[in-house]
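I have placed the structure first, in the form of C-alpha cells, so that the comments after it can refer back to it.
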Protein chains: 2
Amino acid sequence: MKLTTKGRYAVTAMLDLALHYGEGPITLADIAQRQGISLSYLEQLFSRLRRQSLVASVRGPGGGYSLGKEAREIFIGEVISAVDENMDTTKCHGAHNCQNNERCLTHDLWSDLSNQIYTYLNNISLQDLMDRKAVREVADRQEHGDVDASLLDQVGTPAGV
Amino acid sequence: MKLTTKGRYAVTAMLDLALHYGEGPITLADIAQRQGISLSYLEQLFSRLRRQSLVASVRGPGGGYSLGKEAREIFIGEVISAVDENMDTTKCHGAHNCQNNERCLTHDLWSDLSNQIYTYLNNISLQDLMDRKAVREVADRQEHGDVDASLLDQVGTPAGV
DNA sequence: TACTTTCCCAACTAAAATAGTCAAGATTTC
DNA sequence: GAAATCTTGACTATTTTAGTTGGGAAAGTA
Ligand code: FES
Ligand code: FES
C-alpha cells in the first residue's frame with residue numbers, strides 16, 4: 001500500500017467537508033486554513049476527488065465544494081483510492097508475475113494483506129468518523145478559532161485580520 | 001505504513017531460509033539466485049535481520065545464514081519491522097501533534113489502521129506460510145531448477161554451469 | 001462592462017526515499 | 001595462503017513526494 005500525506009490530506013479534507021455540511025459550499029481556502037494544508041496542493045487533490053464524483057463544485061463567489069453523496073455513503077477507501085491510485089501491497093499488482101513471469105513465494109501474503117486493508121477502510125464511512133467523540137472534539141477546537149501562536153506562525157497571519 | 005520491496009524481499013528471503021531449514025547454512029548467493037534478488041541488496045537486509053537476531057550467520061566456506069529461532073516463532077511483522085523501520089500509518093508517529101502541536105482530525109483512524117495491520121502481520125509466522133499449499137508449489141518450482149529463458153536473462157548465466 | 005471570487009489545470013521543482021551498486025575488510029575452511 | 005562467505009560503509013541513479021508557479025475559465029456582483 002501507499003499511505004502518504006496525499007491520502008491523509010484527502011481524508012482529512014473530506015471529513016472537514018462533511019463536518020460543515022449544511023453551510024453551503026465550502027471553499028478550499030477555508031479547508032486549507034482549518035486543516036493546515038497547502039491550498040494549491042488541495043486543488044490537486046480535489047481535482048481527483050471531483051473526477052470520482054466524491055465532491056461537487058460550484059464556481060464563482062459564494063462557491064466551493066460539497067460532498068458528492070451523503071457522508072454515510074462515502075468510504076475512506078474510496079477517498080484514498082481516488083488520490084493515491086492503489087492500496088495494493090503486491091509487487092506484481094495482482095498479475096502473479098513478479099518473479100520471472102511466475103508467482104513469487106509471497107504473493108498470496110501481500111494479496112491477503114491488501115484485502116484486509118481494503119476491507120477495513122471500505123467499511124468506515126465519513127459519517128462513522130463524524131460520530132466519533134475524538135473527531136468532534138478536534139472539530140470543535142478548529143471551529144472556535146482556538147488559535148495559538150504556533151498556528152499563526154505556520155499559516156501566516158494576514159495583517160490586521 | 002511503508003511496504004516496499006525492502007520488506008517484501010526480507011520476508012521472501014526469510015521464507016526461503018525457512019524452507020531450506022535442515023540443509024545447514026544457506027548462502028545469500030543461493031537465495032539471491034532462487035528468489036531473483038540482488039546479492040548486495042540482500043547483504044544489506046541480512047545485516048539488519050541479524051541485528052534483530054532473526055537470523056544467525058556462519059562465515060567462511062560452507063557458511064551462510066540460518067533462522068535465528070524456529071519458523072513457528074518468527075512473525076512476518078517482525079521481519080518487516082527489522083528492515084523497514086515502522087509500520088505506523090500516522091503522520092505524527094503516535095505523538096498526537098501533527099497539526100499545530102495538537103491532534104489532527106484523523107489521527108485515530110490511522111492509529112487504528114496501524115494496529116489492524118500490525119496485528120494481522122504479527123499473527124502470521126514463517127511456519128504458517130510454509131504450510132500453505134501455494135507456497136509449497138512455488139518452492140517446488142524453484143527447487144527443481146525449473147528454469148526458463150527469462151530467468152537466465154535476468155539473473156545472468158555463469159558460463160558453463 | 002469590469003472586477004472579484006472561486007474552481008480548474010498543467011507544468012515545473014526541491015527534497016526525500018528507494019533500490020540498488022561498489023569497494024574494502026574480517027573470518028573461516030581447505 | 002587462497003577461496004568462500006559474511007560484514008560494513010559509502011556512494012549513486014531513479015522515482016516519488018509534496019509541494020509551487022502561473023495561467024486560465026466560470027460565475028456572481030456592481
Ligand atoms: S507479488 Fe504477485 S507474484 Fe510476487
Ligand atoms: S496523525 Fe497523529 S496527530 Fe495527526
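Here is how names work: the chains are called A, B, and so on, in the same order as the sequence lines, proteins then strands, and each is numbered from 1. Given the structure is predicted, the values throughout are model-derived calculations rather than measurements. Hydrogens, waters and symmetry mates play no part in the numbers below; they use all other heavy atoms, side chains included.
Taking 4.0 angstrom as the limit, A:Thr4 places none of its side-chain polar atoms (N or O) nearer than this to OP1 or OP2 of D:dT17. One finds no side-chain N or O of B:Ser57 lying less than 4.0 angstrom from the OP1 or OP2 phosphate oxygen of D:dT5. Considering only side-chain N and O atoms, A:Thr5 lies under 4.0 angstrom from the phosphate OP1 or OP2 of D:dA18. For A:Arg59, no side-chain nitrogen or oxygen approaches OP1 or OP2 of D:dA25 to under 4.0 Å. For the pair B:Ser38 and C:dG20, the criterion of a side-chain N or O lying under 4.0 Å from OP1 or OP2 is not met.
No donor-acceptor contact under 3.5 angstrom links the side chains of B:Gln116 and B:Asp112, judged on distance only. Between the side chains of B:His20 and B:Glu143, at least one donor-acceptor pair of N or O atoms lies under 3.5 Å. A donor-acceptor contact closer than 3.5 angstrom is absent between the side chains of B:Ser111 and B:Asp108.
At least one donor-acceptor pair closer than 3.5 Å links the side chain of B:Thr119 to the backbone N or O of B:Asn115.
Side chain of B:Arg50, nearest nucleotide from C:dT21, D:dT8, C:dC8: D:dT8. Here the nucleotide nearest the side chain of B:Glu43, chosen from D:dT8, C:dA19, D:dA18, is D:dT8.
With rounding to whole Å, A:Leu45 atom CG is found 12 Å from D:dT17 atom P. A:Tyr41 places its OH atom 10 Å from the P atom of D:dT20, with the value rounded to the nearest Å. With rounding to whole Å, A:Leu39 atom CG is found 15 Å from D:dG22 atom P. Taking atom CG of residue B:Leu42 and atom P of nucleotide C:dT18, one finds them 18 Å apart after rounding to whole Å. Put simply, CZ on A:Arg51 is 13 Å from C1' on C:dC7, counting in whole angstrom units. As rounded to whole Å, 10 Å separates atom C1' of D:dT17 from atom NZ of A:Lys2. Atom pair A:Lys6:NZ and D:dT17:C1' shows a separation of 7 Å (rounding to whole Å applied). At whole-Å resolution of the value, CG in B:Leu3 and P in C:dA17 are 17 Å apart.
The base of D:dT20 lies close enough to the side chain of A:Gln44 for a donor and an acceptor atom to sit less than 3.5 Å apart.
For B:Tyr118, the OH atom sits in a loose shell: 12 or fewer heavy atoms of surrounding residues, nucleotides or ligands are nearer than 6.0 Å.
Residue-to-nucleotide proximity on DNA chain C shows that, of A:Ser47 and B:Asp84, the 5′-proximal contact is made by A:Ser47.
Among the atoms of the strands shown, only primed sugar atoms or phosphate atoms (P, OP1, OP2) are found under 4.0 Å from some heavy atom of B:Tyr9.
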